[in-house]
There are 4 protein chains.
Amino acid sequence: MGYSGDSAGRAARSKRADARRNEETLLDAAAAVFVASGVEAPVRDIAAKAGVGMGTIYRHFPTRADLIVAVYRHQVEACAEAGPALLATSETPHAALARWIDLFVDFLVTKHGLAAVLQSDNTGFETLHSYFLDRLLPVCAELLDAAAAAGEIGSDVEAYQLMRGVGNLCIGAEHDPRYDARRLVGLLIAGLHRRTGPRGCDG
Amino acid sequence: MGYSGDSAGRAARSKRADARRNEETLLDAAAAVFVASGVEAPVRDIAAKAGVGMGTIYRHFPTRADLIVAVYRHQVEACAEAGPALLATSETPHAALARWIDLFVDFLVTKHGLAAVLQSDNTGFETLHSYFLDRLLPVCAELLDAAAAAGEIGSDVEAYQLMRGVGNLCIGAEHDPRYDARRLVGLLIAGLHRRTGPRGCDG
Amino acid sequence: MGYSGDSAGRAARSKRADARRNEETLLDAAAAVFVASGVEAPVRDIAAKAGVGMGTIYRHFPTRADLIVAVYRHQVEACAEAGPALLATSETPHAALARWIDLFVDFLVTKHGLAAVLQSDNTGFETLHSYFLDRLLPVCAELLDAAAAAGEIGSDVEAYQLMRGVGNLCIGAEHDPRYDARRLVGLLIAGLHRRTGPRGCDG
Amino acid sequence: MGYSGDSAGRAARSKRADARRNEETLLDAAAAVFVASGVEAPVRDIAAKAGVGMGTIYRHFPTRADLIVAVYRHQVEACAEAGPALLATSETPHAALARWIDLFVDFLVTKHGLAAVLQSDNTGFETLHSYFLDRLLPVCAELLDAAAAAGEIGSDVEAYQLMRGVGNLCIGAEHDPRYDARRLVGLLIAGLHRRTGPRGCDG
DNA sequence: TATGAATGAGCGTTCATTCAT
DNA sequence: CATGAATGAACGCTCATTCAT
């Protein structure tokens, strides 16, 4: 017993290592294709880029949502983890919220087509929706609650709604120089504030 | 030598009347299908619903954009015309802007998929984009200018950007009871205000 | 009795005049469209160019073949009539044949797509085939016979075959500067000669 | 460490073998449909005849030109290779040319619609044109050059032009018993000869 | 377990032809 | 008689998904 490697164990471990390597290749390829052609790029293209068969992609990621989640998991995690930190280091909870939302926007606007897919009512993206919501909603809610507790904002805006709104504002931002999602999101967050824009009522 | 209708004239007019009736049938059917399946529903479905051949649709509306524009023209016109009226009757330009935007939102959230198409960078929707922009942008700009002139908002937000933002916020609003586009748009407009939310700084 | 015009007669005659004018408008329009888009241009385009309804075209020319025949009738007639004249004025029957074929080629290569249609086995062009054959075949046959009688050529080449060959050689000549139908037809006719090419056996 | 097939290799090879068999089925079916309906037969028909989905055809032969080329490749190769052999075994270069052209004609007249497609200025047949030209033009040019060097013909006829002419003469030859493309091509080649038809000046 | 060949529904679009007005 | 609106078969093409190897 014990974990020590008999040959079968070694084989198993090496196979697992292989699989992981394989999966990473896959994710890199998918990320590259997503950048080039958007998150709805044909499965075939991703498989080709990764140098694997399409079946392999379906095996690892049964739905497109699974693949997208996997591709962006690290960044989503980082974003989620940034929330408490910002709350700790910002002057006010509202400022923390604004900064955190900015991170989210930065993430979304660089992911070709992701914002749109995030709003899609298409069945089959539930996994994707769930992941983003499960992971980011509590963070957003915490920031909102803190701001509400500080009296900076009312307590009547749901985190869910805010996140969807911000996500929506990011749609199509990549390709229109006359459209600045960050700016609009800034206005939205400012509008949340009880009194004024970010710099206060008395200027 | 009568004042008008010889038989040829009558024939011509009756043909046109028929065609117009048909076009209305078409628009009704399209509207219904748009509600059910979104504004990107297959041409075949619309034709079937209208009980006409597909060719008839292509005759009347060479591109999908033409069809969409025709289906929603009345409502867009009404929205456009409401702008000056609101400016005249509201307490402040900013309030007028808020109300006008509300009308626009009311329109968009009831049109399955329209908000999304409005943001699509797909070639072939230029007609659609143009129509909305040509018709509504000046109205929005007038309201913005008035609010800026009254010192209620800064002069640094383009009407184009605001309209796109509002349009984006309306995407997918129809089918998610937890998402209230009107509310978020309200926040966005509030964020535009120099000092405070809707109720004023000293509230 | 008599041909003299009572009012009914006048009406009839003027109607007929109208119809002829109408038909000429139609033919001019068709000719123009044939030049621009080939003899298989959509009926709609021709009707539009002529400023008439498509039904009018179908009334006057039930099949496309009828229309093509009508459009080119004058030129085909002229070509047909040139045969005997050339026979009378050329040094030899073979030279007359060569010149006549040249006229035919000149005609065909300037009619976008006509040569191709002339060979098409598509049902519905029988009228067209018949017209060309009925009108030109006898002329060609006469020239061939004369040349055979003069001993310049054998008597074993059918006029039908020759005409089809020449027609074929004209296909697609309009748009390929590296292809010279006249030249090849010249070789074909030269090949018909018992002894030599155009310049004689003793070179 | 055997000489070859581990199971992975065998799997790969067997897949390829399967695909190859499939491709042959496809080519057979395509050939049959081409005979029956011409080389412009609907993709669906070919797929149905082959008992495969349309996608399979597109996979193997992305464009129609690719399919046509594949179907006729063997015969085109054989034709191309016959050129030098004929040059070596015929009495004169001109005779070799005549025989080689005959082979080409034999090929074309049995391929319903191919001759026509070969002349089509339709974009999308470039691959096809290129293949035929790349493969056969040099052969034809060699024969022409040899005949010119032997003084049998002038040096003023381009191989390109000759091939197009011959191709044109083959259009529609299949279904018209009164039209003998071979014969006409024979005349064309005879016309190329400096002096006379095939049997000499003193015939 | 990986592969990628195969499937085929589905879509946009064209245009000859008919026929009610 | 003329009109042109309407029809709908037909076609090319794409791509998510399955499954034999």
Side-chain angles (χ1 to χ4, degrees), chain A residues 15 18-19 22 26 40-48 50-60 62-64 124, chain B residues 7-8 10-23 25-26 40-45 47-48 50-60 62-64 124, chain C residues 15 18-19 22 26 40-48 50-60 62-64 124, chain D residues 7-8 10-23 25-26 40-45 47-48 50-60 62-64 124:
Chain A
K15 200 176 280 180
D18 256 31
N22 207 326
L26 220 53
E40 307 217 70
V43 176
R44 211 180 240 75
D45 293 359
I46 301 167
V52 304
M54 294 173 307
T56 304
I57 294 188
Y58 278 97
R59 165 175 301 277
H60 287 287
T63 73
R64 180 175 294 268
Chain B
S7 80
R10 206 152 41 214
R13 239 177 300 119
S14 85
K15 184 92 54 78
R16 219 175 285 147
D18 238 44
R20 199 178 308 158
R21 186 184 311 281
N22 207 321
E23 192 163 314
T25 305
L26 218 55
E40 307 218 68
V43 176
R44 266 180 189 73
D45 292 359
V52 303
M54 295 172 310
T56 302
I57 294 188
Y58 280 99
R59 159 182 293 275
H60 287 286
T63 74
R64 180 174 296 271
Chain C
K15 200 176 279 180
D18 256 31
N22 207 325
L26 220 53
E40 308 217 70
V43 176
R44 213 180 238 74
D45 293 0
I46 302 168
V52 304
M54 295 172 307
T56 303
I57 294 187
Y58 278 98
R59 165 173 302 274
H60 287 288
T63 74
R64 180 175 296 268
Chain D
S7 80
R10 203 152 45 215
R13 240 178 298 120
S14 84
K15 184 91 55 81
R16 221 175 284 148
D18 237 43
R20 200 177 308 158
R21 185 184 311 282
N22 207 322
E23 193 163 313
T25 306
L26 219 54
E40 307 216 69
V43 176
R44 265 179 187 75
D45 292 358
V52 304
M54 294 173 310
T56 303
I57 295 189
Y58 281 100
R59 159 182 295 276
H60 287 286
T63 73
R64 180 174 296 268

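Chain identifiers are assigned alphabetically (A, B, ...) following the order of the sequence lines, protein sequences preceding nucleic acid strands; residue numbering begins at 1 within each chain.
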- Query: When you check the phosphate oxygens OP1 and OP2 of F:dA6, does a side-chain N or O of B:H60 lie under 4.0 Å from one of them?
  - Reply: yes
Of the candidates F:dC13, F:dA10, E:dG4, the side chain of B:M54 sits closest to F:dA10
By nearest-heavy-atom nucleotide on DNA chain E, the more 5' of C:Y58 and D:I57 is D:I57
- Side-chain touch D:V52/D:T25, heavy atoms, less than 4.5 angstrom: no
Of D:R64 and A:P62, the one whose nearest nucleotide on DNA chain F sits closer to the 5' end is D:R64
Residues passing the side-chain hydrogen bond (donor to acceptor under 3.5 Å, both in side chains) test with A:E40, sequence neighbours excluded, are none
*Determine the contact category for C:G124: base if any of its heavy atoms lies under 4.0 Å from a base atom, sugar-phosphate if only primed atoms, P, OP1 or OP2 are that close, otherwise nothing.*
nothing
Is the phosphate of E:dG4, meaning OP1 or OP2, less than 4.0 Å from a side-chain N or O of D:R59? no
B:D45 CG to E:dC11 C1', in whole Å, measures 10 Å
Note: for D:G55 and D:P42 on DNA chain F, the residue whose nearest nucleotide lies more 5' is D:P42
Per the 3.5 Å Watson-Crick/G-U criterion and a run length of at least three, the stems involving DNA chain E are E:2-21 with F:2-21
On DNA chain E, more 5' by nearest nucleotide between D:E23 and A:G51 is A:G51
- Message: Is the phosphate of F:dT7 approached by B:T56 (side-chain N or O, under 4.0 Å from OP1 or OP2)?
- Response: yes
Between CG of C:L26 and P of F:dG4 the distance, given in whole Å, is 13 Å
When rounded to whole Å, the CD1 to P distance for the pair C:I46 and F:dG4 reads 16 Å
Test for a donor-acceptor pair under 3.5 Å between the base of E:dG12 and the side chain of B:R44, counting only N and O atoms. yes
d(D:R59 CZ, D:N22 CG) to nearest 0.5 Å is 10.5 Å
All heavy atoms of C:A50 vs all of C:L26, minimum pair found to be CB-CD1, 3.7 Å
In this structure, CG of C:D45 is separated from CE of C:M54 (nearest 0.5 Å) by 10.5 Å
